[in-house]
Protein chains: 2
Amino acid sequence: MVTIYDVAAKASVSAMTVSRVINNTGKISDKTRAKVKRVMEELGYVPNQTARSLVLQQTKLLFLLITDIMNPFYTTLARGAEDAAKRSGYRLLFGNSDESIEKESDYVTTILTTRVDGVLVAPAGDPSLPHLESLRKHKVPFVLLDREVPGIECDIVLGDSKDGARRLVEHLVAKGHRNIAFVNGSPSVSSARLRLQGYQDGMKLSDLAYNERYVFETSFGPLSDLTEMGQWLDQLDPAPTAIVAGNNVLAVEILRLFRERGISVPEDISIVCFDDLGPYSEVEPFLTVAAQQAYQFGYMGMQMLVERIQERETALPWKKIVLPADLVIRRSVKTLS
Amino acid sequence: MVTIYDVAAKASVSAMTVSRVINNTGKISDKTRAKVKRVMEELGYVPNQTARSLVLQQTKLLFLLITDIMNPFYTTLARGAEDAAKRSGYRLLFGNSDESIEKESDYVTTILTTRVDGVLVAPAGDPSLPHLESLRKHKVPFVLLDREVPGIECDIVLGDSKDGARRLVEHLVAKGHRNIAFVNGSPSVSSARLRLQGYQDGMKLSDLAYNERYVFETSFGPLSDLTEMGQWLDQLDPAPTAIVAGNNVLAVEILRLFRERGISVPEDISIVCFDDLGPYSEVEPFLTVAAQQAYQFGYMGMQMLVERIQERETALPWKKIVLPADLVIRRSVKTLS
DNA sequence: TATAATAATGTTACCGATAACCTCAAAATA
DNA sequence: TATTTTGAGGTTATCGGTAACATTATTATA
């Protein structure tokens with residue numbers, strides 16, 4: 001590997017002079033600068049970021065931890081985060097916790113040993129608290145995405161889960177539905193709790209009784225087994241005419257179940273959910289959804305993170321951004337007489 | 001930040017002893033080991049990977065460069081790469097070139113300065129050659145994914161593009177289509193060239209004339225503007241009864257165009273494409289595709305990369321893996337009389 | 001003309017770890 | 001008992017940069 005010393009020797013200057021040329025600091029004569037640049041070119045010198053990080057105590061690396069890399073919500077978010085990171089001169093490492101606290105724990109270790117300058121994290125759930133405390137203790141700035149974690153104060157970008165869920169219910173009610181079930185993520189995830197509240201609010205505002213038997217709680221991630229959900233559905237009496245899914249993945253899982261059983265949507269039952277399904281849904285506009293501004297989650301979160309990193313001294317107050325969810329009406333809901 | 005020296009001081013041993021405890025090397029008495037571990041715990045010590053990387057001359061970081069993070073083919077691939085990387089004790093950095101040589105160039109710089117131990121790259125196209133030469137020159141091991149680049153010899157994981165395209169055409173022919181158009185990615189991308197060959201072969205084997213006017217070449221990425229494609233389609237006489245899309249993104253773009261124009265698929269025209277559309281396509285099984293084993297691309301590519309890194313000395317011959325594409329027949333093709 | 005300021009460059013120490021070599025006492029062997 | 005081996009740990013140098021502080025000429029100012 002070509003080092004700064006190799007360049008210095010060949011250009012007959014000190015390493016420091018080469019460093020100054022690279023970073024455009026200090027005073028360098030045009031002649032020397034030209035010579036050093038020429039030698040760097042000749043030798044194909046590339047600065048060693050590792051050495052630089054060690055002495056500067058910053059890596060210019062940021063980390064994005066998401067919970068489901070196959071979910072278009074998160075890839076779109078990642079896209080936003082990447083764009084914003086790049087704009088600020090940071091590079092982005094990323095990891096995928098798969099909604100698992102254990103995998104998240106591994107990534108926290110990676111984050112700590114890698115000495116990244118900051119972290120953008122969609123926490124797996126409330127049990128993520130120790131992980132966040134660990135980041136805080138080690139003074140790693142972080143911004144939460146999509147989910148709150150009780151017990152920690154920090155910058156955060158949230159979607160308006162309660163409002164979105166309420167509107168999904170109200171939409172169903174407006175279409176004549178009275179018997180609405182809810183398939184939700186784990187109650188240990190804040191957005192799941194808020195969506196449940198939104199569902200309850202929606203029912204109440206429509207003068208419909210809330211019946212907890214019509215709520216099924218599982219994980220926001222892909223389901224390995226659909227039988228449990230099938231059994232829950234079977235024992236509902238009367239059967240619901242519509243289902244609200246806590247996110248896009250769950251909606252797809254429900255659709256998969258219905259497909260297996262030969263149940264047609266929306267003819268036999270209606271479905272709505274949180275989060276859109278990526279570019280494909282534009283083309284085959286099927287699911288009615290409360291679409292969140294995924295790109296903005298990533299972009300704004302990253303902006304907050306960079307700001308937090310750069311203003312490390314000044315005790316900025318914690319910021320909280322709440323992004324609205326927009327109802328996109330398509331054709332997965334049947335109008336009841 | 002707590003360093004190895006802080007731990008050493010508090011445990012009344014040398015830094016080297018602490019290092020030995022951390023890495024489980026050398027001989028350490030049980031008593032000392034216990035004491036050091038306790039102090040590390042008390043102080044919340046976390047090893048500094050940056051310092052370690054500098055002295056060990058390896059970062060235990062790998063890089064995955066893909067061309068479209070919103071494309072389910074690549075996210076699934078990323079998933080495979082991540083799993084394989086983790087299994088080998090590596091962490092994964094990633095970047096998204098957006099099918100752009102310029103963005104790719106930026107990432108190559110990042111790769112070089114970050115001193116990652118290896119790179120898994122889906123090149124933007126043939127003009128990626130200088131980037132790969134740069135990696136080779138700096139002795140960064142790399143494995144190519146999905147696309148060959150003429151002029152460079154290396155490990156590579158490819159899909160059987162020619163065979164897949166031919167089978168797509170043959171499927172259409174079997175369904176009674178004779179007038180088949182082809183929307184392809186840029187001819188500067190090897191897989192696009194092979195898919196064109198496969199299309200040509202398919203036509204020839206079915207005794208159909210190949211007419212280059214029925215081939216439209218654009219980019220594999222999302223299209224900002226559909227007018228050009230629309231104009232191409234308009235001037236085809238006779239109008240095709242079916243279209244083969246070079247990949248899933250292009251298929252979606254074509255569907256989008258048809259939607260704008262009120263053309264129904266498959267009633268008015270049939271469509272098939274390369275690559276599947278993610279989990280959603282299971283549920284709403286619409287597009288007939290030549291599905292590639294995306295996860296395997298990532299997983300096997302990563303395995304090859306790690307092997308290459310670990311056998312750095314021995315001059316392993318270059319390996320080439322060709323994965324088949326499976327025809328998945330759904331309902332975007334109409335049977336003609 | 002003597003002195004201070006400035007431009008251009010060099011020297012040294014350090015970031016936090018680890019490899020390689022060294023030391024010293026206790027245990028094993030001749 | 002004398003010598004070698006082994007166990008347990010310490011010292012020093014190094015990875016490739018950069019901050020902070022010297023060190024020179026040279027130019028500007030008193």
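Numbered from 1 within each chain, the chains take letters A, B, ... in sequence-line order.
- Nearest to the side chain of B/Ile4, among C/dT11, C/dT18, C/dA8, sits C/dT18.
- Listed for the A/Ser219 side chain is a donor-acceptor partner under 3.5 Å among the backbone atoms of A/Gly221.
- Here B/Thr25 lies out of heavy-atom contact (under 4.0 Å) with every strand.
- Across the protein-nucleic acid pair, B/Leu43 atom CG and C/dG16 atom P stand 14 Å apart, rounded to whole Å.
- In this structure, of D/dG17, D/dT11, C/dT11, it is D/dG17 that holds the atom nearest to the side chain of B/Arg115.
- When the side-chain nitrogen and oxygen atoms of B/Lys27 are compared with OP1 and OP2 of D/dG7, one or more of them lie within a distance under 4.0 Å.
- A/Gln57 has a side-chain polar atom (N or O) that falls below the 4.0 Å cut-off from OP1 or OP2 of C/dG16.
- When heavy atoms are screened at a 4.0 angstrom cut-off, B/Thr3 is found touching the sugar-phosphate backbone but no base atom.
- If you check D/dG17, C/dT9, C/dG16 against the side chain of A/Leu54, the one that comes closest is C/dG16.
- In this structure, A/Ser53 reaches neither bases nor backbone, as no heavy-atom distance under 4.0 Å exists between it and the strands shown.
- Between the CG atom of A/Asp30 and the P atom of C/dA7 there is a distance of 13 Å, rounded to whole Å.
- One can place NZ of A/Lys35 at 11 Å from C1' of C/dT9, the figure rounded to the nearest angstrom.
- When each of A/Arg33 and B/Pro47 is assigned the nucleotide of DNA chain C bearing its nearest heavy atom, the one mapping closer to the 5' terminus is A/Arg33.
- Summarising the geometry, the separation between OH on B/Tyr5 and P on D/dG10 is reported as 13 Å, rounded to the nearest angstrom.
- The CG-P distance, from A/Asn24 to D/dA19, rounds to 13 Å in whole Å.
- Set against D/dG10, D/dG9, C/dG10, the side chain of B/Ser29 has D/dG9 as its closest nucleotide.
- Judged by distance alone, with hydrogens and angles left aside, the side-chain atoms of A/Ser29 form a donor-acceptor pair with the main-chain N or O of A/Thr32 at under 3.5 Å.
- When heavy atoms are screened at a 4.0 angstrom cut-off, B/Thr17 is found touching the sugar-phosphate backbone but no base atom.
- The CD1 atom of A/Ile28 sits 13 Å away from the C1' atom of D/dT18 (whole-angstrom rounding).
- Counting to the nearest Å, the C1' atom of D/dG7 and the NZ atom of B/Lys31 are 14 Å from each other.
- Within the 3.5 Å criterion, the main-chain N or O of B/Lys319 finds a donor-acceptor partner in the side chain of B/Asp155.
- Residue B/Lys103 forms a side chain to side chain donor-acceptor pair (under 3.5 Å) with just one option from B/Thr67, B/Asp98, B/Asn96, and that option is B/Asp98.
- Ranking D/dG17, C/dG16, C/dT18 by closeness to the A/Asn48 side chain, first place goes to D/dG17.
- In this structure, CD of A/Gln49 is placed 15 Å from P of D/dG16, rounded to the nearest angstrom.
- Each of C/dG10, C/dA20, D/dG17 was ranked by its minimum atom distance to the side chain of B/Arg20; first place goes to C/dA20.
- If B/Leu56 and A/Ala51 are placed on DNA chain C by their nearest nucleotide, the residue sitting closer to the 5' end is A/Ala51.
- For the pair B/Thr59 (side chain) and B/Arg115 (backbone), a donor-acceptor distance under 3.5 Å is present.
- Side-chain atoms of B/Ser97 never come within 3.5 Å of backbone atoms of B/Glu104 as a donor-acceptor pair (strictly under, hydrogens ignored).
- Neither OP1 nor OP2 of D/dG16 sits under 4.0 Å from any side-chain N or O of A/Arg52.
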